[in-house]
Trainee: 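If you scroll down you'll find the structure; I have some questions about it.
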Amino acid sequence: MESRYTPAEIEAKWQQTWAEHQLYQTSETSDKPKFYALSMFPYPSGNLHMGHVRVYTIVDVIARLKRMQGYRVLNPMGWDAFGLPAENAAIERKTQPAKWTYQNIDQMREQLKQLGISFDWDREIATCSPDYYRWTQWIFLEFFKAGLAYQKEATVNWDPIDQTVLANEQVDAEGKSWRSGAIVERKLLRQWFLKITNYADQLLADLDKLTGWPERVKLMQANWIGKSVGAYLEFPIVGIDEKIGVFTTRPDTVYGVSYVVLAPEHPLTQKVATSDRVSAVEAFVQEVSGQSEMDRTAEDRPKRGIPTGGTAINPFTGEEIPIWIADYVLYEYGTGAVMGVPAHDVRDFQFATQQNLPIKVVIAPPDQPISDLKEAYTEAGTVVNSAQFDGMVSTEAKGEIVAYAEKQGWGKARIQYRLRDWLISRQRYWGAPIPIIHCPECGAVPVPEADLPVQLPEDVELSGRGGSPLSKLESWLNVPCPSCGTPAKRETDTMDTFIDSSWYFLRYPDAKNDQAVFERAKTNDWMPVDQYVGGIEHAILHLLYSRFFTKVLRDRGLLNFDEPFERLLTQGMVQGRTYKNPTTGKYVLPIDIKDPANPIDPDTGETLEVVFEKMSKSKYNGVAPGDVVDKYGADTARMFILFKAPPEKDLEWEDADVEGQFRFLNRVWRLVSESAESLKTARSQDLTKPEKELRRAIHTAIKEVTDDLQGDYQFNTAISELMKLSNALGDFPEKTSSAFAEGIKTLLLLLAPFSPHLTEELWHAIGQPESIHTQPFPTVDPTALIADEKTIVIQIMGKTRGTIEAATAIADDKVALEKFATDSDVARRYIDGKTIKKVIVVPGKLVNFVVS
RNA sequence: ACUCCUGUAGCCCAAUCGGCAGAGGCGGCUGUCUCAAAAACAGUCAGGUGCGGGUUCAAAUCCCGCCAGGAGUACCA
């Protein structure tokens with residue numbers, strides 16, 4: 001065989017052989033248990049980056065391991081192919097989005113294949129293909145039939161750069177678009193929504209079922225859903241036959257209400273204003289609405305508001321209280337109006353102090369007298385100044401007061417969510433058209449199932465400006481109404497691309513079905529996904545939407561499970577070495593650095609800061625996967641990525657460490673190829689002591705690697721175990737021993753999921769006829785793990801004083817060990833002449849003497 | 001401001017139920033090879049676990065209080 005390790009040759013060879021033998025095709029007709037391994041599918045930007053390499057490598061190791069462990073594994077791949085970049089690229093390059101996208105897909109598929117990932121390419125999907133979006137549209141119509149898709153005029157987030165609306169989830173805390181980074185504007189538009197709020201409670205409650213998810217992702221979703229338990233209460237307006245409804249989580253403080261506040265956008269603002277105040281109110285509302293969301297919610301800015309002159313009545317006390325308008329009340333949340341209880345709410349306290357509004361204490365702190373409040377008291381306490389509720393504990397008063405309000409017709413218990421309905425219409429071309437026809441007679445009519453897909457027309461003029469491109473295409477736009485035949489118009493908005501990705505995992509089990517969205521039996525068989533791997537950036541967006549879709553489709557009778565993803569692994573970023581000028585903040589190209597040990601700005605001569613940051617073009621810190629594969633091979637790239645950091649942590653790309661992995665694979669190569677011939681004639685006889693020790697090392701490695709891959713996928717420590725085994729084999733002199741042969745085979749089998757090409761080559765080199773990837777994963781022989789002797793730690797007063805060797809039978813027996821240890825030289829040296837007060841014995845590990 | 005995560009050797013990272021702080025890699029040093037160097041190979045060096053308390057026979061691990069870095073949320077009534 002080849003004496004040198006030449007990854008380029010063997011990797012190409014085996015990739016071709018595997019493809020010819022369809023080694024990774026999903027087996028469907030088997031009684032093996034199923035395992036669905038899934039990586040979040042990529043957007044086909046045209047270039048694979050290291051982040052991709054990391055996810056797919058992680059999933060590939062899991063898929064390969066599970067196959068060897070006897071599972072039938074589904075490990076599919078596809079493309080999240082709709083979206084704005086294609087449209088923008090098409091405008092720039094004067095081409096069609098479809099053409100650009102499919103070219104990118106071809107390019108990325110090739111790059112992926114070079115990594116040796118065991119995808120079942122027969123199930124490949126692209127969301128922009130009519131075969132796929134036909135069913136996206138079909139699912140939309142399922143939502144429509146269920147009353148979960150509706151149109152509404154609403155103030156929505158408008159991205160001025162991308163020229164489209166966005167969902168709340170797609171706008172970050174600073175009011176910026178997740179894609180373009182532009183500050184979003186608020187616009188009143190008629191848009192399509194999905195009623196995710198109907199499922200708010202289930203989406204929250206079922207988080208408890210997701211025991212295989214990271215806590216922080218669940219926490220983020222719970223916060224996003226934002227459940228608040230409280231009450232809806234109504235305050236009649238003096239002089240008008242209308243009421244102001246408020247939502248509060250503190251009905252127990254209702255006797256302390258000293259004013260009510262409306263959000264500036266509230267429809268009642270003009271009505272409640274007294275004639276002398278109307279113009280001031282109008283001016284205030286104008287001013288606030290002219291401000292961006294940013295300004296309005298900026299940190300520590302004072303609350304602003306004005307009285308309307310109008311008054312309302314607190315039904316509980318009969319008191320007349322002023323109605324104010326203030327910018328700290330959000331129209332989007334609750335009823336857009338709040339009751340002001342300055343004594344027991346931090347914001348109300350601040351506002352009331354500022355505006356000289358009365359502060360009335362109704363909850364007394366347990367042990368303190370009610371004195372002048374310096375700040376709001378928001379804890380529980382004893383109810384005071386609250387008529388018949390006086391003396392109650394405030395937490396109990398909540399229920400009583402709500403019950404009383406309900407009896408009096410003043411309000412009722414209410415649960416409020418922060419979650420809003422999902423805005424899904426986009427005024428762009430490259431997405432799945434919403435399959436609706438607007439008829440002047442019948443309204444919004446669904447496109448009949450037989451007419452799906454509503455195809456995207458190809459002869460379209462793209463400019464990126466002035467509304468949906470589809471609205472300008474008369475031939476496509478005008479159709480007869482499917483139900484009455486009247487001339488009607490198609491819906492011109494396309495769907496948010498997050499819709500496409502909210503169900504793709506349901507399609508893989510039956511990816512080529514052209515009769516139905518999927519065969520229920522197949523999807524129910526493979527789902528839920530056993531292990532999902534992807535970036536933390538989807539903690540809310542994609543993962544919440546997918547959970548929502550799953551629940552709706554379950555309720556439509558299509559699925560028989562509640563949650564789509566059993567276990568979730570969120571992998572960390574891949575960071576590159578970045579040279580940054582500390583004063584200007586500018587990034588410097590690595591090739592401009594003369595001495596990496598002492599990096600200096602070539603322009604200014606300043607010493608540069610060396611940091612690891614997420615790889616990106618603008619930071620000049622990217623490493624191209626292709627370059628690494630060319631230089632070291634895919635196996636080395638895979639090993640490095642898995643070894644350098646635990647999967648959920650950020651990974652710092654260091655060339656020196658890549659070389660370390662390359663060296664390791666070379667060592668394995670040499671170790672196996674040097675002994676390949678003698679292995680074939682390995683003799684078997686009674687084991688010598690060194691052979692027994694080697695077997696113990698072999699089976700310890702099996703145990704450790706299996707454990708590392710069982711629970712939390714600790715690839716880094718698994719690889720270090722493989723290095724240990726490799727070292728032990730290298731040190732072992734008897735290359736013709738059967739124990740050595742067992743060790744070599746075990747090493748290759750354990751390494752196979754990590755370095756599929758190298759192990760396949762060596763597996764054949766030692767005379768094995770079948771593919772290593774179809775072999776069973778090694779299992780532990782418990783008898784091989786038993787050592788004849790164990791090292792026992794001797795401690796005196798908790799301090800280690802030495803160790804003793806004890807026969808295993810003694811070491812594992814508490815009584816025998818105590819005696820053995822007490823008689824040992826080490827112990828005697830320290831306990832002679834002292835009284836033993838207590839002896840702590842940990843069998844197999846240590847003996848600790850407490851002496852006086 | 002609040003919540004969560006992370007601080008272990010020069011660096012990346014390990015350490016079952018609390019039980020000898022170290023598995024692996026990088027780097028450094030020494031050697032082999034070489035005219036020399038690089039590469040490769042072999043050997044070797046390394047801190048008491050961010051800080052201060054506490055619990056315990058025993059703490060990197062558990063508890064309390066700080067410090068540093070990162071992430072998320074941020075008037076949600």
Side-chain angles (χ1 to χ4, degrees), chain A residues 172-174 214-217 219-220 223-224 226-228 230-231 246-250 253 260-261 263 296-303 326-330 332-341 344-348 350-351 378 416-420 536-537 539-540 572-573 612 639-640 643-646 648-661 663-664 666-667 670 700 704 707-708 711 714 716-727 730-731 791-803 837-842 844-851:
Chain A
D172 70 12
E174 288 165 0
E215 283 304 318
R216 61 177 184 141
V217 174
L219 191 70
M220 281 164 79
N223 288 341
W224 184 261
K227 180 178 182 172
S228 298
V246 304
F247 171 72
T248 178
T249 54
R250 296 296 302 273
T253 64
V260 286
V261 198
R296 228 178 115 174
T297 59
E299 199 174 343
D300 290 336
R301 70 178 291 291
K303 300 178 187 345
D327 62 354
Y328 77 96
V329 177
L330 305 176
E332 296 81 39
Y333 185 75
T335 60
V338 303
M339 60 186 212
V341 188
H344 307 293
D345 180 278
V346 178
R347 293 151 307 186
D348 294 344
Q350 197 192 334
F351 189 69
T378 57
Q416 181 69 42
Y417 293 94
R418 203 187 87 109
L419 183 71
R420 300 277 74 118
I536 186 77
E537 66 274 17
I540 294 171
M573 287 189 295
F612 280 89
M639 291 294 282
F640 165 76
F643 179 72
K644 177 73 180 176
E648 64 284 348
K649 286 185 74 172
D650 288 347
L651 180 154
E652 296 176 355
W653 188 277
E654 290 257 39
D655 289 335
D657 290 316
V658 180
E659 278 172 33
Q661 289 307 309
R663 279 202 285 271
F664 171 60
N666 269 291
R667 269 205 300 278
R670 223 174 312 118
T700 305
E704 296 297 324
D707 287 353
D708 282 345
Q714 294 162 17
N716 52 334
T717 50
I719 289 173
S720 91
E721 289 299 328
L722 295 173
M723 290 172 168
K724 266 159 86 175
L725 177 57
S726 159
N727 290 344
D731 292 342
T791 307
I792 302 297
V793 175
I794 302 298
Q795 290 185 338
I796 313 294
M797 304 293 288
K799 289 199 171 57
T800 300
R801 295 300 185 189
T803 59
K837 281 171 69 182
K838 195 175 168 190
V839 183
I840 289 118
V841 182
V842 182
K845 283 206 173 130
L846 69 72
V847 179
N848 183 14
F849 297 93
V850 184
V851 296

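No hydrogens, no waters, no symmetry mates; every other heavy atom, side chains included, goes into these values. Lettering of chains follows the sequences in order, A, B, ..., and the numbering in each one begins at 1.
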Trainee: With both distances under 3.5 Å as the test, what is the Watson-Crick or G-U wobble partner of B/rC4?
Mentor: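 Pairing partner, where one exists within any strand: B/rG70.
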Trainee: Could you check whether A/T335 gets within reach of a base, just the sugar-phosphate, or nothing at all, counting any heavy atom under 4.0 Å?
Mentor: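 It contacts nothing in the nucleic acid.
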Trainee: Can you name the atoms? Protein N/O to nucleotides 47-49 of chain B N/O, anything below 3.5 Å, with the distance.
Mentor:
none

Trainee: From the options B/rG25, B/rG19, B/rA77, select the nucleotide whose nearest atom is closest to the side chain of A/Q661.
Mentor: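 In terms of side-chain proximity for A/Q661, the closest of B/rG25, B/rG19, B/rA77 is B/rG25.
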Trainee: Whom does B/rC35 pair with, Watson-Crick or G-U wobble, provided both distances fall under 3.5 Å?
Mentor: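 In the structure as shown, B/rC35 has no Watson-Crick or wobble partner.
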Trainee: Would you mind reading off the distance between A/L846 atom CG and B/rA59 atom P, rounded to a whole angstrom?
Mentor: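 It is 12 Å, rounded to the nearest whole Å.
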Trainee: Using whole Å, report how far CH2 of A/W653 lies from P of B/rC26.
Mentor: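 One finds 15 Å between P of B/rC26 and CH2 of A/W653, rounded.
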Trainee: Taking the C1' atom in each of B/rU8 and B/rC13, what is the distance between them to the nearest angstrom?
Mentor: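 These two C1' atoms come out 9 Å apart once rounded.
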Trainee: I need the CD1-C1' distance between A/I719 and B/rC26, as an integer number of Å.
Mentor: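 My rounded result for the distance is 15 Å.
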Trainee: State which of B/rG19, B/rG24, B/rC57 makes the closest approach to the side chain of A/M723.
Mentor: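 That would be B/rG24.
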Trainee: Please state how far atom CZ in A/R216 lies from atom P in B/rU6, giving the value in whole angstrom units.
Mentor: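 Going from A/R216 (CZ) to B/rU6 (P), I get 10 Å.
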Trainee: For nucleotides 11-14 of chain B, tabulate all protein N/O to nucleotide N/O atom pairs closer than 3.5 Å, reporting atom names and distance.
Mentor:
residue : atom : partner : partner atom : Å
B/rC12  : O2'  : A/K644  : O            : 2.9
B/rC12  : O2'  : A/K644  : NZ           : 3.4
B/rC13  : O3'  : A/N716  : ND2          : 3.4
B/rA14  : OP1  : A/N716  : ND2          : 3.4

Trainee: Could you list all N or O pairs between the protein and nucleotides 39-44 of chain B that sit under 3.5 Å apart?
Mentor:
residue : atom : partner : partner atom : Å
B/rA40  : OP1  : A/R663  : NH1          : 3.0
B/rC41  : OP1  : A/R670  : NH2          : 3.3

Trainee: Counting only Watson-Crick or G-U wobble pairs whose two distances fall under 3.5 Å, which nucleotide matches B/rU30?
Mentor: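 Its partner is B/rA42.
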Trainee: When the distance from CG of A/N223 to C1' of B/rA74 is rounded to whole Å, what number comes out?
Mentor: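 About 11 Å, once rounded to whole Å.
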Trainee: Does a nitrogen or oxygen in the side chain of A/K724 sit under 4.0 Å from OP1 or OP2 of B/rA23?
Mentor: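 Negative; the distance criterion is not met.
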